[in-house]
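As structure tokens, the structure follows; a few thoughts come after it.
All values derive from a computational prediction rather than experimental measurement.
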Amino acid sequence: MEIDQDPLQQQIEKAKKGKQAAFNYLLDRFWNEVYGFQLKRTQNEYDAEDITIQTFSRAFDKIDTYDPTYTFKTWLFTISKNIHVDLIRKKKASIRSRTTDEEDDKVHKIADDTPTIEDTLITEQNLAQLLRDIKKLKPHYQEVINLRYFQEMSYKEISAALQEPMNNVKVKLLRAKKLLAEVIENRKTRS
């Protein structure tokens, strides 16, 4: 299915300016395609999801380098493929890399000031029901929601606690909020 490039290009331009809604749009639009691409390559759901999170993290960090002469999806797939190749190399060499404070300081900041539809849905829920809904998410999504909203940690604190780059935390949190909003919506439509 070919998508109209004009609205997509507009969202990319907004993302380059740090607009949270544009990042959400790009994540929602391309998540399944990048995840499916990696699932075929890795044959492992956890690895595919982890690589997809890293793909969007890197893409959002480097969005200024995107060349519109190529399709955005191709650009994302190239990033994703490179991350997968790097992970294979690291596993073979059994070298573990850690993010330094200097690298953290270079991380592109994704503005997070406007409540999204997902944020609004989540805050409207009563706490007991919200906790039941959160339990339906995968453990790593439960953890990032707990750290951000219940322990009120900053992205930097979550990054340190999980020993993951800050952009990975941001993408993981975006994805967790979207999945949680879907759980809430599904429950509401069944009620």
Side-chain angles (χ1 to χ4, degrees), residues 1-15 18-57 59-60 63 71-73 76-77 80 110-155 158 161-162 164 166-191:
M1 178 176 99
E2 194 58 37
I3 51 174
D4 185 0
Q5 287 296 321
D6 291 337
L8 177 60
Q9 197 57 44
Q10 290 171 357
Q11 293 298 326
I12 293 167
E13 290 306 315
K14 287 178 184 176
K19 301 291 183 193
Q20 182 69 41
F23 287 114
N24 289 349
Y25 172 86
L26 295 171
L27 184 74
D28 291 347
R29 170 65 186 88
F30 293 102
W31 177 273
N32 289 339
E33 293 178 72
V34 175
Y35 176 77
F37 172 71
Q38 277 305 327
L39 192 56
K40 286 179 188 170
R41 290 174 65 93
T42 63
Q43 302 292 307
N44 179 303
E45 288 181 15
Y46 179 80
D47 287 346
E49 192 168 45
D50 190 48
I51 293 169
T52 303
I53 288 169
Q54 289 181 49
T55 298
F56 282 97
S57 171
F60 292 162
I63 196 149
T71 66
F72 192 73
K73 180 174 143 181
L76 285 173
F77 279 15
S80 187
I110 301 173
D112 193 26
D113 51 6
T114 325
T116 63
I117 295 167
E118 291 89 1
D119 289 329
T120 306
L121 262 174
I122 291 166
T123 55
E124 288 175 355
Q125 302 305 302
N126 77 37
L127 186 58
Q129 183 59 56
L130 181 60
L131 292 173
R132 284 193 293 274
D133 291 338
I134 290 171
K135 289 287 182 199
K136 295 177 183 173
L137 300 176
K138 290 183 180 177
H140 60 277
Y141 289 136
Q142 290 177 32
E143 182 178 32
V144 77
I145 284 179
N146 176 40
L147 293 173
R148 180 70 173 158
Y149 295 106
F150 294 101
Q151 295 185 31
E152 298 181 350
M153 287 185 168
S154 68
Y155 288 129
I158 296 170
L162 298 179
E164 288 189 29
M166 198 178 323
N167 262 6
N168 284 14
V169 169
K170 290 177 182 181
V171 172
K172 198 178 280 189
L173 191 58
L174 280 175
R175 184 71 181 150
K177 289 190 304 186
K178 177 176 175 33
L179 292 172
L180 182 57
E182 288 172 7
V183 167
I184 293 167
E185 272 301 310
N186 288 340
R187 180 179 40 76
K188 282 183 173 181
T189 56
R190 284 183 298 207
S191 299

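Between Y46 and H140, the ring planes are perpendicular. Angles over 60° get that label, and only those under 30° would be called parallel. Aromatic ring pairs are classed by plane angle as parallel below 30°, tilted from 30° to 60° and perpendicular above 60°; the pair F23 and F60 is perpendicular.
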Run the side chain to side chain contact (heavy atoms under 4.5 Å, CB included) check on L180 and K177 step by step: do they pass?
CA-CA 5 Å; L180 182 57; K177 289 190 304 186; 5.7 Å; no
If you apply the rule side chain to side chain contact (heavy atoms under 4.5 Å, CB included), what do you find for Q11 with R29, and how did you get there?
CA-CA 11 Å; Q11 293 298 326; R29 170 65 186 88; over 6 Å; no
Evaluate I53 against R175 for side chain to side chain contact (heavy atoms under 4.5 Å, CB included), listing each step before the verdict.
CA-CA 9 Å; I53 288 169; R175 184 71 181 150; 5.7 Å; no
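Shown are T52, T55, L8; of these, the side chain to side chain contact (heavy atoms under 4.5 Å, CB included) with F30 is made only by L8. Each of T42, L39, V34 was checked for a side chain to side chain contact (heavy atoms under 4.5 Å, CB included) with I51, and the lone residue meeting it is T42.
Distance alone, capped at 3.5 Å, is enough to place a donor-acceptor pair between the Q43 side chain and the K40 backbone. Judged purely by atom type and a 3.5 angstrom limit, Q142 uses its side chain to pair as donor or acceptor with the backbone of L137.
Separating the NZ atom in K136 from the CG atom in L179 is a distance of 13.0 Å, to the nearest 0.5 Å. Between the CG atom in N146 and the CD1 atom in I158 there is a gap of 9.5 Å [rounded to 0.5 Å]. Once rounded to the nearest 0.5 Å, the distance linking CG of L26 with NZ of K19 reads 14.5 Å. Put simply, CZ on R187 and CD on Q129 are 3.5 Å apart, with the number rounded to the nearest 0.5 Å. In this structure, CG in L27 is found 14.0 Å from NZ in K170, a value given to the nearest 0.5 Å. How far CD of Q20 is from CG of N24: 5.0 Å, rounded to the nearest 0.5 Å.
No side-chain N or O of E182 forms a donor-acceptor pair with one of N186 less than 3.5 Å apart.
Between V171 and S57, the shortest heavy-atom distance links the atoms CG2-N, 3.5 Å. The nearest pair of heavy atoms linking A15 to A22 is N-CB, 3.4 Å.
Within the 4.5 Å cutoff, the side chain of T71 has no heavy atoms near those of the L76 side chain. Between I145 and F150 the shortest side-chain heavy-atom distance falls below 4.5 Å. Using a 4.5 Å heavy-atom threshold, the side chains of L147 and Y155 count as separate. Counting only heavy atoms from C-beta outward, the side chains of K138 and E49 approach each other to under 4.5 Å. Counting heavy atoms from C-beta outward, Q9 and E13 have side chains that approach closer than 4.5 Å. The shortest distance between side-chain heavy atoms of L130 and I184 falls below 4.5 Å.
Counting non-hydrogen atoms of neighbouring residues, nucleotides and ligands closer than 6.0 angstrom, the CD atom of E45 reaches no more than 12 such neighbours.
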